[in-house]
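Remarks on the structure that follows.
Both counts, for ligands and for their atoms, begin at 1 and track the order of listing. All figures in this text were calculated on a predicted structure; none of them were measured in a lab.
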Amino acid sequence: MARKKIALIGAGNIGGTLAHLIGLKELGDVVMFDVFPGVAAGKALDIMQSGPVDGFDSAMSGTGDYSAIEGADVVIVTAGFPRMPGMSRDDLLTKNAGVIGQVAEGIKQYAPNAFVICITNPLDVMVWVLQQRSGLPAEKVVGMAGVLDSSRFRLFLAQEFGVSVEDVTAFVLGGHGDTMVPLTRYSTVAGVPVPDLIKMGWTTQEKIDAIVARTANGGGEIVKLLEKGSAFYAPAASAIAMAESYLLDKKRVLPCAVLLNGEYGQNDFYVGVPVVIGAGGVEKIMEVQFTAEEKAAFDKSCDAVKKLIADFKALGV
Ligand code: APR
C-alpha cells in the first residue's frame, strides 16, 4: 500500500514542526505549500535529511504550486499572518480570511476528499470560512484548539497533583480563547474527577480556578515569553493527534472545533466540542449534559464566536 499523503499549507513554525512529527511518527509523505516556496522546500529537505538518523522514509517536498497537493489524504492549514503591533482584530480577520479563501480554493480543486484540519487564528472563524469557501463536507473540516487547550490543562493539573500527565484527562469546550470552558467535573486523575480530588484534600478550589485561568491564557503566556511569534510545538502535536486518529481510524474522542447543527442548541458555526474522529472524519459529536452554570459558560463562549463571525460578515470580505 502506498504511503498516505499529507499536505501542509503554511511552512512556518507550526508547519515545520508538523512535518518533523509526521516523519518521526511515519504517518506518510509530506508536501509543504507556502507563499515562500523556498522556505517550504528548504524545511522539507532539512527534515527529510534527518530521516536516515531517525529511521523514517517519508518523502518531503516544498512548493508554491497548489497542484502539488493533489490527492492529499490530510491537509493541515497554518497559513496566515500573526497579529502584529498596531493591527486590530478586524485587520487580522480580514487578512487571514483572505489567505484562508485562497487555501480553500486550492483544497477544493486539488484535495476535495481530504480530511482538513485548520489551525490558523482566529480559529473558530477561520475554520468556518475554510469550510464555507471550500464547500467540503463539514465532517471533513475541523479546527484544532481543544486538544491544545486540554493538553495545557492536563499538564497544569498533573503538576498540581504531582502525577503523570498520562493519568490526567481534561475536558475543555467552547471557543479558542478567553471564553473557553474547562469542565472540571469531567476532568480526572485516573478517573477520579477534580471536584472529588478537592474534597479529598489534594488541592483547593482556588488553585483549580488559577489553573483554569492559566489554561485560558495559555497562548498569551507563551507569546509574552517568546516576544516574537506564538506557540508551535504543542499546537503541532495536537493537530497530529487529530490527523493520526483519522488516518488510523482510531476513533479517538478529542475536543475539536466542528460545525454545530442543532447540537447543544447551537447552529451554523464552528465551536469546540468533544467528537469522535475516525476514517469518516467527525463521526460523532458528543453532547454532554450541562449544569446550569456550565451551560451559561458554554453559551457565553458561543456568543463570543458568533460575534466574531458577525463582525467578519459586516466587513463584507
Ligand atoms: N498561502 C500559503 N502560506 C501563507 C500565505 C498564503 N496565502 N500567507 C502566509 N503564509 C505562510 C507564511 O509565509 C508562513 O510561512 O504561513 C506561514 C505562517 O507561519 P508562521 O508565521 O511561522 O506562524 P505559525 O507559528 O506557524 O502559526 C500559524 O497558527 O496558531 C496559529 O495564530 C497562529 O494563525 C497562526 C497560525
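- At the top of the distance list for atom 27 (O) of ligand 1, counting protein heavy atoms only, stands I14 CD1, 3.5 Å.
- Taking a cutoff of 4.0 Å between a charged side-chain nitrogen and a carboxylate oxygen, E26 and R3 do not qualify as a salt bridge.
- A11 counts as a contact of ligand 1, since one of its heavy atoms falls under 4.0 Å from the ligand.
- Among all non-hydrogen protein atoms, the one lying nearest atom 22 (O) of ligand 1 is N13 N, 2.8 Å.
- When the heavy atoms of G80, G12, P122, A40 are ranked by distance to atom 16 (O) of ligand 1, first place goes to G80.
- Looking only at heavy atoms of the protein, atom 3 (N) of ligand 1 is closest to A79 CB, 3.4 Å.
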Point to revise | Test log, rule salt bridge (charged side-chain N to carboxylate O under 4.0 Å, His left out), inputs K251 and D249 | key: CA-CA 6 Å; K251 304 194 192 293; D249 192 25; 3.0 Å; yes
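- Of all the atoms in ligand 1, the ones that sit under 4.0 Å from a non-hydrogen atom of V99 are 5 (C), 6 (C), 7 (N), 8 (N).
- Ligand 1 is never approached by G229 to a heavy-atom distance shorter than 4.0 Å.
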Check your understanding: Stepwise, does the salt bridge (charged side-chain N to carboxylate O under 4.0 Å, His left out) test hold for K307 with D311?
Key -> CA-CA 6 Å; K307 171 152 191 334; D311 290 351; 3.1 Å; yes
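- Nearest protein heavy-atom neighbour of atom 14 (C) of ligand 1: D34 OD2, 3.5 Å.
- Contact atoms of ligand 1 toward V35: 1 (N), 2 (C), 3 (N), 4 (C), 5 (C), 6 (C), 7 (N), 8 (N), 9 (C), 10 (N), 13 (O) (distance under 4.0 Å to a heavy atom of the residue).
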Exercise for review: Evaluate the criterion side-chain contact (heavy atoms from CB on, under 4.5 Å) for residue pair D124 and F269; output intermediate values, then yes/no.
Suggested key: CA-CA 8 Å; D124 304 283; F269 67 99; over 6 Å; no
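- Relative orientation of the Y186 and F171 rings is tilted, given thresholds of 30° and 60° on the angle between their planes.
- Using bins of under 30°, 30° to 60° and over 60° for the plane-to-plane angle, the ring pair F298/F290 lands in the tilted bin.
- Distances below 4.0 Å separate heavy atoms of F33 from the following atoms of ligand 1: 1 (N), 2 (C).
- When only non-hydrogen protein atoms are considered, atom 7 (N) of ligand 1 lies nearest to Q102 OE1, 3.0 Å.
- For atom 31 (C) of ligand 1, the nearest protein heavy atom (residue, atom name, distance) is I119 O, 3.5 Å.
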Check your understanding: Given R214 and E221, is the salt bridge (charged side-chain N to carboxylate O under 4.0 Å, His left out) satisfied, shown in steps?
Key -> CA-CA 8 Å; R214 187 177 179 196; E221 183 178 359; 3.0 Å; yes
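- The nearest heavy-atom contact from the protein to atom 35 (C) of ligand 1 is N121 N, 4.2 Å.
- Remark: minimum distance from atom 36 (C) of ligand 1 to any protein heavy atom is reached at T78 O, 3.5 Å.
- Counting heavy-atom neighbours within 6.0 Å of K250 NZ, excluding the residue itself, gives a total of 12 or less.
- Residue F36 places a heavy atom less than 4.0 Å from ligand 1.
- The side-chain tip of K140 does not point at the ring of F115 from less than 6.0 angstrom away and within 45° of straight on.
- The closest approach between a heavy atom of V39 and any atom of ligand 1 is not below 4.0 Å.
- Enclosure of atom NZ in K5 by more than 12 non-hydrogen atoms of other residues, nucleotides or ligands within 6.0 angstrom is indicated.
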